[in-house]
Amino acid sequence: MQRTDVIVVGAGPTGLFLAGELALLGVRVTVLERLQEPDPTIKAGSINVASAEILDRRGLLPAAEDVQRRLLASVGAFAGRKSAFVNQPDSHEEGSHERTSHEEGARERAAHRFPVAGHFAGMLFRNELVDQGDPVLARHTAAANGILVPQHDLELLLAAHCARLGVEVRRGVEVHGVRGADANLTDDDVDADVVVETSAGELTAGWVVAADGGRSAIRRQLGIDFVGTDPQMVGYQAVADFDDPGELSRGWTWTPRGIYAYGPIPGRVLVARFGPQPQDRDAPVTLEELQQAVRDVTGVNVTLNGLRGRATRWSDNARQAQSYRHGRVLLAGDAAHVHSPFSGQGLNLGLGDAVNLGWKLAATVHGYAPAGLLDTYESERHPIAAWVLDWTRAQVALMRGDERTAQLRKVVGEELFTVPGVMNRVVALTSGITQHYDVTDTPADKVADDITDKIADNLADEGTAKIADEIADKAAAPVGSIAGDVALSSGDRLADHAHDGRFVLVGRSPDGRFAQAVRPLEHRVAYVADPASETSQPSLFVRPDGVIIWAASRDTASSDDAVLKELDTAVQRWVGTH
């Protein structure tokens, strides 16, 4: 039987990006997909900022920006104008994304604004209510021109990325189940194999990742509980030819039967109505079924003449796997969690799984993973998915058409969302940039106490300005958060040094002493010296998934041995020592 290091089941965005991550780090990976071609069915219409930053860190942002430019051109006057949530620098030629100089890149980044795009329960985010000076948002603007990437285009982009890396993607292969997925196997059982039973015969691998969707055959076979809440609504999405859209409103509209959105692409329609589920949810959506759903929800007697591609049917079924691992089999993407598709949260959640799991699984395959590293995949990602499920449930609850829910929407939309700072918070949460992991042995409240003690003990000696600078440094680089856009004095950015999937250590110590801590690990850690930085920004140690695992202010970097000890601890905990 043919053997590979890892078999990824499913060639959606999660499976393809994960395969690319593994291949970047020298892992032999095969992707199995039951469909002969990428699915053109209309699904998520964009990605969030955190996902765009994932692409940026792997050098794929220019391709995403090209997709966005083409999309804006395709929708014409409806969305092709300059808008508050799409950055379109005048200096860009169509199809050109090359930065001709460091100065041009710096000017372009300075002109970026955080993309205020999306909605909560159909309540559109309002740019005029967002403070672009918010330091949280300001650290995440570099990828703003690469968020309007529909799922189908993203899959094509990632498939091309995998092809460049030599990943084998076998299409038309249906996976029936696995053997040898012993839940008692440990990471040290190097000779263990998992047999994957497929329509093309049996394949073996050291590890299997099930990224085969919400109805994952592998998850079901392994008996992993998929717990959550039953659906309350049925939704449809398609691009259709209307005889006359007539009275259909652009954007999101609530009705007594549910909610619908028409546009921005001509003919694109999404409708969701509360009520019973169809008897056969696997049956293809017919033109007649879609037309009736549109009429029921909108109250407009429209006529559909045809479909461009296939229509999709979905629900707000919200469930999560109780465990993301069963021996040598791991779950990712929709195989690990499902929920309503509003705001494309499922696509973004799956990409977050992939970028978190890839480097950890690669380290485990190669045998240099620190003890317990792979277990942090579930401990870090499971709470994030649980939060997203609740976030989507809350939106569905606000979409009901009854009078009391309408009154609640009015309070939320007209009272709460207009309070200064609230819209910033909602936009940041939806964009994915607020994700945070516990990556140190020091609890967050201990860090806060240390800052308080520092102020009390040293205020007289060091002065308020210096204390304020130290607090600002910690706020600018909160350990456990996503790094965002980190500019370097050379004109490069941190993301430019992360394309090969390594850790990145940005050393801003004048004497360069931090380089010593990672020099023996240069094959896994990229060290970037930035001593000439004109800012007081801290030195940073960043994981391959963009998460900060250590930071040190410039003032203490050269003199405090405790800082070096903290860096060494971070190296041993996340990188390993051999």
Side-chain angles (χ1 to χ4, degrees), residues 363 368-373 376 436-483 486-490 494 497-498 502-544 546-578:
Y368 56 72
L373 179 65
T376 66
H436 188 276
Y437 303 133
D438 180 11
V439 297
T440 72
D441 294 323
T442 304
D445 55 355
K446 175 64 165 58
V447 175
D449 290 344
D450 288 346
I451 295 176
T452 303
D453 292 343
K454 179 85 169 179
I455 293 174
D457 294 342
N458 301 303
L459 188 59
D461 296 335
E462 300 189 27
T464 58
K466 188 170 183 180
I467 294 295
D469 286 344
E470 180 167 342
I471 295 174
D473 281 348
K474 290 182 179 293
V479 173
S481 66
I482 300 173
V486 179
L488 307 175
S489 58
S490 63
L494 186 151
H497 298 272
R502 289 186 293 172
F503 289 75
V504 178
L505 173 59
V506 178
R508 285 169 169 148
S509 167
D511 60 7
R513 71 188 311 197
F514 297 140
Q516 299 294 329
V518 297
R519 182 159 289 127
L521 299 168
E522 60 183 12
H523 54 301
R524 302 207 295 274
V525 180
Y527 177 75
V528 182
D530 192 37
S533 175
E534 296 178 359
T535 70
S536 61
Q537 293 298 306
S539 297
L540 298 173
F541 193 25
V542 180
R543 298 190 324 193
V547 174
I548 301 170
I549 52 176
W550 170 88
S553 69
R554 289 174 61 85
D555 290 337
T556 61
S558 299
S559 59
D560 192 346
D561 289 337
V563 173
L564 275 175
K565 184 177 180 180
E566 291 172 359
L567 174 58
D568 184 62
T569 298
V571 170
Q572 293 186 47
R573 178 172 182 177
W574 296 107
V575 187
T577 57
H578 65 278

S.K.: Who passes side-chain hydrogen bond (donor to acceptor under 3.5 Å, both in side chains) against Tyr527, sequence neighbours left out?
M.R.: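 side-chain hydrogen bond (donor to acceptor under 3.5 Å, both in side chains) check on Tyr527 returns nothing, list empty.
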
S.K.: Where do Ser509 and Pro531 come nearest, in terms of heavy atoms and distance?
M.R.: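 Minimum heavy-atom contact is O-CB, 4.0 Å.
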
S.K.: Before you tell me yes or no, could you show the steps for Val528 and Leu494 under side-chain contact (heavy atoms from CB on, under 4.5 Å), namely the whole-Å CA-CA distance, both residues' side-chain angles and the distance that decides it to 0.1 Å?
M.R.: CA-CA 8 Å; Val528 182; Leu494 186 151; over 6 Å; no

S.K.: With sequence neighbours excluded, what pairs up with Ala363 under the side-chain contact (heavy atoms from CB on, under 4.5 Å) test?
M.R.: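 Scan of Ala363 (side-chain contact (heavy atoms from CB on, under 4.5 Å), adjacent residues dropped) gives Tyr368, Ala369, Leu373.
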
S.K.: Between atom OG1 of Thr376 and atom CZ of Arg543, what is the distance when rounded to the nearest 0.5 Å?
M.R.: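 Going from OG1 on Thr376 over to CZ on Arg543, the span is 6.0 Å.
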
S.K.: Run the side-chain hydrogen bond (donor to acceptor under 3.5 Å, both in side chains) test against Gln516 and tell me which residues pass, sequence neighbours left out.
M.R.: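 Gln516 satisfies side-chain hydrogen bond (donor to acceptor under 3.5 Å, both in side chains) with Arg519 once adjacent residues are dropped.
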
S.K.: Do Val506 and Leu488 have side chains that get closer than 4.5 Å, going by heavy atoms?
M.R.: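 Yes, their side chains come closer than 4.5 Å.
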
S.K.: Closest approach of Gly507 and Phe514, non-hydrogen atoms and distance?
M.R.: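 Heavy atoms only, the tightest pair is CA-CD1, 4.4 Å.
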
S.K.: Please report the closest heavy-atom contact between Gly576 and Pro370, naming both atoms and the distance.
M.R.: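 Nearest pair, atom of Gly576 first, then Pro370: N-CG, 3.4 Å.
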
S.K.: What distance separates Glu566 CD from Ile549 CD1, expressed to the nearest 0.5 Å?
M.R.: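 So the gap between those two atoms works out to 12.5 Å.
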
S.K.: Are the side chain of Arg502 and the backbone N or O of His497 linked by a donor-acceptor pair below 3.5 Å?
M.R.: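 Side chain of Arg502 to backbone of His497, a donor-acceptor pair under 3.5 Å: no, none is there.
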
S.K.: Quick one: closest heavy-atom pair of Asp530 and Ala487, and the distance?
M.R.: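 So the minimum-distance heavy-atom pair works out to OD2-O, 4.5 Å.
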
S.K.: Okay, side chain of Trp574, backbone of Val439: is any donor-acceptor separation there less than 3.5 Å?
M.R.: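 Checking the backbone N and O of Val439 against the side chain of Trp574, a donor-acceptor pair under 3.5 Å is found.
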
S.K.: Is a donor on one side and an acceptor on the other found under 3.5 Å between the side chain of Ser481 and the backbone of His436?
M.R.: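 Judged by distance alone, no pair lies under 3.5 Å.
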
S.K.: Partners of Arg524 by salt bridge (charged side-chain N to carboxylate O under 4.0 Å, His left out), sequence neighbours excluded?
M.R.: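 Counting only residues at least two positions away or on another chain, Arg524 forms no salt bridge (charged side-chain N to carboxylate O under 4.0 Å, His left out).
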
S.K.: Measuring from Asp568:CG to Asp561:CG, what's the distance to the nearest 0.5 Å?
M.R.: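 Atom-to-atom, Asp568:CG and Asp561:CG are 12.0 Å apart.
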
S.K.: Out of Val563, Thr440, Val571, which residue meets the side chain to side chain contact (heavy atoms under 4.5 Å, CB included) rule with Trp550?
M.R.: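 Passing option: Val563.
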
